[in-house]
Amino acid sequence: MTLNWKIGGVALGLVFFLAVLLVKPIGVSTQFVILDGIIADVVNPDLVTKTDDGYTSTNAYLAKSGGKYAKSVANPLNYSFIFVIAMMVGAFLSAMMRGGNGADENKLPAIHYANFGDTPIKRYAIAFVGGFIVLYGARLAGGCTSGHMMSGMMQTALSGYIFAAGAFAAAVPVAMMMYKKG
């Protein structure tokens with residue numbers, strides 16, 4: 001059960017439009033910081049405190065923007081955090097509805113096997129390092145691909161188009177270098 005790319009594109013556009021219309025533009029990388037804050041607040045209950053003016057934190061990053069992030073740590077059941085959870089659940093349900101992958105493909109996709117051999121640990125290391133670099137870059141840039149590129153382009157922000165061009169200008173050559181076979 002594969003979704004036609006045209007139908008998928010229109011559906012994605014409608015979701016983005018509804019998100020902006022009803023709540024705010026989509027962006028998810030900040031929620032990793034919020035999750036870190038939630039875990040850190042369990043370990044150190046003094047990390048986030050409620051004040052007369054709202055929320056603050058002993059962590060400068062969580063305290064910035066008038067305590068907006070500290071408030072999200074204190075009250076994690078908010079739109080953005082639930083959105084990220086829903087994305088993961090939706091991806092899982094989509095994979096299950098189309099029949100999922102075989103156990104071998106989940107363990108070691110054919111394209112990885114063709115390029116890097118039969119070591120699952122190498123796959124996990126590559127995925128971890130790649131994910132770390134992307135998340136670090138997203139936080140350095142103040143947002144992720146969904147915030148900068150997808151939401152930015154949808155709002156016709158010049159920065160969204162520049163980010164998209166830069167992302168593809170970097171991603172395509174790296175993918176071509178990493179995955180020469182397959």
Side-chain angles (χ1 to χ4, degrees), residues 1-20 24-39 79-182:
M1 179 175 142
T2 303
L3 182 64
N4 178 290
W5 69 270
K6 294 174 190 170
I7 295 170
V10 170
L12 183 63
L14 287 173
V15 167
F16 270 83
F17 178 76
L18 286 173
V20 170
K24 65 179 185 173
I26 291 173
V28 298
S29 64
T30 301
Q31 298 314 307
F32 288 96
V33 175
I34 301 303
L35 178 60
D36 291 346
I38 293 166
I39 294 167
Y79 166 79
S80 296
F81 201 72
I82 298 297
F83 181 80
V84 172
I85 303 286
M87 283 187 344
M88 291 186 278
V89 170
F92 175 78
L93 290 175
S94 174
M96 292 302 104
M97 287 173 61
R98 66 177 177 77
N101 295 327
D104 289 342
E105 185 70 13
N106 280 340
K107 183 178 176 187
L108 200 63
I111 192 166
H112 179 86
Y113 181 83
N115 285 277
F116 301 106
D118 62 350
T119 311
I121 291 173
K122 189 182 275 188
R123 175 186 180 219
Y124 301 138
I126 291 168
F128 179 82
V129 169
F132 180 84
I133 291 169
V134 167
L135 187 55
Y136 180 80
R139 297 316 314 142
L140 189 64
C144 58
T145 53
S146 56
H148 282 307
M149 183 168 36
M150 297 171 81
S151 291
M153 289 174 68
M154 183 181 70
Q155 297 173 79
T156 65
L158 179 60
S159 61
Y161 291 97
I162 292 169
F163 178 82
F168 281 101
V172 170
V174 168
M176 290 171 68
M177 287 185 323
M178 286 187 69
Y179 296 103
K180 293 176 185 160
K181 302 173 193 164

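These numbers were taken from a predicted model, which means no experiment stands behind them. Index from 1, following the sequence.
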Crowding at [atom1], [X] (>12 non-hydrogen neighbours, <6.0 Å):
{"X": "Y161", "atom1": "OH", "value": "yes"}
{"X": "M96", "atom1": "CE", "value": "yes"}
{"X": "Y79", "atom1": "OH", "value": "yes"}
{"X": "I121", "atom1": "CD1", "value": "no"}

Value rounded to 0.5 Å, distance of [atom1] in [X] from [atom2] in [Y]:
{"X": "M150", "Y": "L12", "atom1": "CE", "atom2": "CG", "value": "4.0 Å"}
{"X": "L108", "Y": "R123", "atom1": "CG", "atom2": "CZ", "value": "7.0 Å"}
{"X": "S159", "Y": "M153", "atom1": "OG", "atom2": "CE", "value": "11.0 Å"}
{"X": "I126", "Y": "T119", "atom1": "CD1", "atom2": "OG1", "value": "9.5 Å"}
{"X": "L158", "Y": "I162", "atom1": "CG", "atom2": "CD1", "value": "4.0 Å"}
{"X": "D118", "Y": "H112", "atom1": "CG", "atom2": "NE2", "value": "9.0 Å"}

Can you tell me how the ring of H148 sits relative to the ring of F163, calling it parallel under 30°, perpendicular over 60° and tilted otherwise?
tilted
Classify the ring geometry of Y136 against F132: parallel below 30°, tilted from 30° to 60°, perpendicular beyond 60°.
parallel
Hey, are K24 and S80 close enough side-chain-wise for a donor-acceptor pair under 3.5 Å?
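Yes.
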If you compare all heavy atoms of [X] against all heavy atoms of [Y], which two are closest, and at what distance to 0.1 Å?
{"X": "S151", "Y": "G147", "value": "CB-O, 3.4 Å"}
{"X": "M178", "Y": "F116", "value": "O-CZ, 3.5 Å"}
{"X": "P173", "Y": "F168", "value": "CD-O, 3.9 Å"}

Can you name the residues that form a side chain to side chain contact (heavy atoms under 4.5 Å, CB included) with I39, not counting sequence neighbours?
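Expected list: L35.
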